[in-house]
Amino acid sequence: MDIWHFGMNGIGEGGEKVKNNVIKEYRLVHDNRIISYMIDFERQILQINTKGYDEEVIIRFQGLLAHAFENVLLNNIILEISQVTIECFLLEEANKLSEALKYGFPAIEVSNVKELEDYLKEKEYRVFYLAASLGMCGYIIAKEIILL
């Protein structure tokens, strides 16, 4: 995953391409520590429970289609969460997605990255990158994000 480069504010391979395709940044959770996360596959929800300096913030992704996290530690600190364009995401992750599609990831009937792009747009999915100051980083494909 090249997403951690994005978390370095555009430093590194592919970082500038991602930074230039950010739709929205969710800075409320900057420097929050990830306490836990859970996935409810039946209800299509991924929830990340975080704790900042003054308050706890729940990050809930609804209409979850898929996610991929790397570097999950016992102590994870969020740099930022950003929504990026579908085109940017597919460009950054094309090689890994092409391979993953052979094994049913994500769990939809598409056979190549172009069909995946069409599906995500048709069904109004959004792509969010979770960038880390420390530890867990990755992406989430879901219909919406709610900060509680």
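Counting from 1, the numbers follow the sequence of the chain as shown.
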Once side-chain contact (heavy atoms from CB on, under 4.5 Å) is applied, do any residues pair with [X], and if so which ones, sequence neighbours excluded?
{"X": "E87", "result": "T85, E117, K121"}
{"X": "L74", "result": "none"}
{"X": "I141", "result": "L65, A66, F89, L120, Y125, V127, Y139"}
{"X": "E99", "result": "K102, Y103"}

Do [X] and [Y] belong together in a cluster built from hydrophobic side chains that touch within less than 4.5 Å?
{"X": "I45", "Y": "I81", "answer": "no"}
{"X": "L101", "Y": "F105", "answer": "yes"}
{"X": "I35", "Y": "I140", "answer": "no"}
{"X": "I23", "Y": "L91", "answer": "no"}
{"X": "L46", "Y": "I145", "answer": "yes"}

Are any of the side-chain heavy atoms of [X] and [Y] separated by less than 4.5 Å?
{"X": "E80", "Y": "Y129", "result": "no"}
{"X": "Q44", "Y": "Q62", "result": "no"}
{"X": "F128", "Y": "L130", "result": "no"}
{"X": "M38", "Y": "D40", "result": "yes"}

(message) Looking at T50 and V57, would you say the former's side chain and the latter's main chain have a donor-acceptor pair under 3.5 Å?
(response)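 Yes, T50 side chain to V57 backbone: donor-acceptor pair under 3.5 Å.
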
(request) Give me the other members of the hydrophobic cluster that I58 sits in, counting Ile, Leu, Val, Met, Phe, Trp and Tyr linked by side-chain heavy atoms under 4.5 Å, directly or via other members. (result)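 Its cluster mates, by chain and number, are I146, L148.
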
(message) Which residues end up grouped with I77 if you chain together Ile, Leu, Val, Met, Phe, Trp and Tyr wherever their side-chain heavy atoms are less than 4.5 Å apart?
(response)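 Members alongside I77: L73, L134.
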
(request) Could you name each residue pair satisfying salt bridge (Lys or Arg N to Asp or Glu O under 4.0 Å) that touches residues 122-147, not counting sequence neighbours? (result)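 Matches after skipping sequence neighbours: none remain.
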
(message) Taking salt bridge (Lys or Arg N to Asp or Glu O under 4.0 Å) as the cut-off, I'd like each qualifying pair that reaches into residues 46-55, sequence neighbours left out, listed once.
(response)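 Counting only pairs at least two positions apart or across chains, no salt bridge (Lys or Arg N to Asp or Glu O under 4.0 Å) contact touches residues 46-55.
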
(message) Y37: which residues meet the ring pair (Phe, Tyr, Trp, His ring centres under 6.0 Å) condition with it, sequence neighbours left out?
(response)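 So Y37 forms a ring pair (Phe, Tyr, Trp, His ring centres under 6.0 Å) with F69.
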
(message) F61 vs I48, test: side-chain contact (heavy atoms from CB on, under 4.5 Å). Steps then yes/no.
(response) CA-CA 8 Å; F61 297 92; I48 303 172; 4.0 Å; yes

(request) Could you pull out the closest heavy-atom pair between C137 and N71, with the gap in Å? (result)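 Taking every non-hydrogen atom into account, SG-ND2, 3.7 Å.
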
(message) On a heavy-atom basis, which atom in L116 and which in P106 lie closest, and how many Å separate them?
(response)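 Between these two residues, the closest heavy atoms are CD1-CG, 4.0 Å.
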
(request) Determine, step by step, whether N32 and E56 satisfy the side-chain contact (heavy atoms from CB on, under 4.5 Å) criterion, reporting the C-alpha distance in whole Å, the side-chain angles of both residues, the deciding distance to 0.1 Å, and the verdict. (result) CA-CA 8 Å; N32 279 24; E56 293 184 6; over 6 Å; no

List the residues meeting side chain to side chain donor-acceptor pair (under 3.5 Å) with [X], not counting sequence neighbours, and say none if there are none.
{"X": "D31", "result": "none"}
{"X": "E109", "result": "none"}
{"X": "N49", "result": "S36, Q47"}

(request) Measure the OG-CG distance between S82 and N21 for me, rounded to the nearest 0.5 Å. (result)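 Here the rounded value is 11.5 Å.
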
(message) Measuring from atom CZ of R60 to atom CG of L147, what distance do you get when rounded to the nearest 0.5 angstrom?
(response)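 Result: 11.0 Å between the selected atoms.
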
(request) Can you spot which of V72, V29, N76, N75 makes a side-chain contact (heavy atoms from CB on, under 4.5 Å) with I34? (result)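 Among V72, V29, N76, N75, the one meeting side-chain contact (heavy atoms from CB on, under 4.5 Å) with I34 is N76.
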
